[in-house]
> 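Below is a structure I'd like to ask you about.
Remember, it's 1-based here, ligands and their atoms both numbered in the order they're listed.
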Amino acid sequence: MNIGIVCYPTFGGSGVVATELGKALAKEGHKIHFITYSQPTRLDFLNENLFYHEVDFRSYPLFEFPPYELALASKMVSVVKNEKLDLLHVHYAIPHASAAYMAKQILKTHGISIPFVTTLHGTDITLVGKDASYEPVVTFSINQSDGVTAVSNHLRSETYASFQITNDIEVIPNFVDLEKFKKQKKEHFKKAICPKDEALVVHTSNFRKVKRVQDVIKVFANLHQEIPSKLLLIGDGPERTRAEAMCRELAISDDVRFLGKLEAVEEVLSVADLFLMPSEKESFGLAALEAMACEVPVISSDAGGLPELNVQGVTGFLSSVGDVEDMTRKSLFVLDKNNLPTFKINALKRAQEFDISKILPLYENYYHKILEKTASKATI
Ligand code: GMT
């Protein structure tokens, strides 16, 4: 197949899923054309089947906000025409689904018919999409998509509950590449970070409010009073400054490191003992899955799709959103030397259920289904 993939190219779960999916499809022999405003962060791989088309959007003194969606739709039109794409797959509904709809309508006037699949990832539904400023366009573009997938059952239900949806939504969960995300021997690194064999706690996110990074700091501060421990925070975003200030206020800065946006997350995860994800909303929790693949148990909230990934008492524990005391108790239980090895094994076993080799065929079959459905419609 010849597929166009549209996503946010920067750090963020939807862009990661889109890029890893594209890379895996390319390895299977499909031709994959990324259409984004900059090179996707994880597009770090050379393959004869991978192509990158940058959306160039011009500014003009009249525009306070350059109309990105129009530039994206125009780019989709040209890539579909020139590269003879079979299908467009857009990740994160806003504004990618409505841009794809527009491109499809324009292409129709050129005698070209192209189906588009929209994958819903999270806040495009649970936060931003619900807002009255976007809701009518999000509803319309989901209903106009030729195929719609959601990354968890919870997100699917939430979409039906929050929008007037007339389309079927297929659940295809997030996945992990176990060849890349696996425990690596990084003893020297562990020694440097934890010279006295302290417990190593890790959090990864884009530091937005929904991630509740302050709860990460609070849980760690509690843990730190009980056991020798260190905290590594990976990523960056609006809540980072506040989180750094909290560490100073709680006098734990010496044992906390903010690593910023890091490419080789798996190297840090390889030496971690516990992953914290106390999110307010989380449709799936890809970062937690990546941690589990590196044998790291997870203490998370029970928000959104997290119970579909993190198994209570098996791969870690789940607590109510904001219940820092419960998260602390459970973290101490997991970190107990008698319990940790079992949680680590269980985390890896669970991650294996989401290996890319299991999820990739679900997408390929879904594409075939959509292509057949749209082809038969065209001949009626
Ligand atoms: O909704 C977001 O936070 C953005 C989105 C992204 O692009 O980073 O993250 C979502 O998509 C990921 C990949 O499918 C999921 O693993 C995350 O759980 C989800 N985030 C939220 O629901 C908050």
> Say whether S300 and E282, considering side chains only, have a donor N or O and an acceptor N or O under 3.5 Å apart.
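No donor-acceptor contact under 3.5 Å links the two side chains.
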
> Indicate yes or no: does K358 engage E353 in a salt bridge with an N to O separation below 4.0 Å.
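A salt bridge is absent here (no side-chain N lies under 4.0 Å from a carboxylate O).
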
> With no hydrogens and no angle check, just 3.5 Å: does a side-chain donor-acceptor pair link S283 and S152?
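No, no side-chain donor-acceptor contact under 3.5 Å.
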
> May I ask you to identify, for V151, whether its side chain, its backbone, both or neither come under 4.0 Å of ligand 1 on a heavy-atom basis?
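The answer is the side chain of V151.
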
> Under 4.0 Å from any heavy atom of G122, which atoms of ligand 1 are there?
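Listed by number with element, the hits are 1 (O), 22 (O).
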
> Counting only heavy atoms, which portion of E282 has something under 4.0 Å from ligand 1: side chain, backbone, both, or neither?
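Looking at E282 and ligand 1, atoms from backbone and side chain both fall under 4.0 Å.
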
> Consider every N or O of F284 and every N or O of ligand 1, then say whether any pair is closer than 3.5 Å.
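Yes; the residue has a nitrogen or oxygen that sits under 3.5 Å from a nitrogen or oxygen of the ligand.
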
> If the contact criterion is a heavy-atom separation under 4.0 Å, does G304 count as touching ligand 1?
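Outside the 4.0 Å threshold, so no.
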
> Any nitrogen or oxygen of V17, main chain or side chain, under 3.5 Å from a nitrogen or oxygen of ligand 1?
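No; the residue has no nitrogen or oxygen that sits under 3.5 Å from a nitrogen or oxygen of the ligand.
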
> With a heavy-atom distance limit of 4.0 Å, tell me whether N174 approaches ligand 1 through its side chain, its backbone, both, or neither.
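Only the side chain of N174 comes within reach of ligand 1.
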
> Does any N/O atom on R208 come nearer than 3.5 Å to any N/O atom on ligand 1?
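Between R208 and ligand 1 (N or O atoms, distance only) the closest approach is under 3.5 Å.
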
> Apply the salt bridge (Lys or Arg N to Asp or Glu O under 4.0 Å) test between D146 and each candidate in K369, K104, K373; give the one that qualifies.
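For D146, the salt bridge (Lys or Arg N to Asp or Glu O under 4.0 Å) check succeeds only for K104.
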
> More than 12 non-hydrogen atoms from neighbouring residues, nucleotides or ligands closer than 6.0 Å to CG on D254, yes or no?
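Counting other residues, nucleotides and ligands, CG of D254 stays at 12 neighbours or fewer.
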
> So is there a nitrogen or oxygen of V210 less than 3.5 Å from a nitrogen or oxygen in ligand 1?
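Between V210 and ligand 1, no N or O pair is found under 3.5 Å apart.
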
> Quick one about H89 and T119 (side-chain donor to acceptor, distance below 3.5 Å, no hydrogens or angles considered), yes or no?
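Side chains of T119 and H89: pair found under 3.5 Å.
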
> Please determine whether side-chain contact (heavy atoms from CB on, under 4.5 Å) holds for the pair D273 and K344, giving the CA-CA distance in whole Å, both sets of side-chain angles, and the decisive distance to 0.1 Å.
CA-CA 8 Å; D273 297 304; K344 282 182 176 263; 3.7 Å; yes

> When you measure from the side chain of D255 to the backbone N and O of I252, does any donor-acceptor pair fall under 3.5 Å?
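Looks like no, no N/O pair under 3.5 Å.
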
> Out of E280, K211, H121, E290, who is nearest to atom 10 (C) of ligand 1 when you count heavy atoms only?
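Comparing heavy atoms across E280, K211, H121, E290, the nearest one to atom 10 (C) of ligand 1 lies in H121.
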
> Could you list which atoms of ligand 1 come closer than 4.0 Å to a heavy atom of L286?
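Counting atoms of ligand 1 from 1, those under 4.0 Å from L286 are 16 (O).
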
> If we only count N/O pairs under 3.5 Å, is K281 in contact with ligand 1?
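For ligand 1, there is no N or O atom that lies under 3.5 Å from one belonging to K281.
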
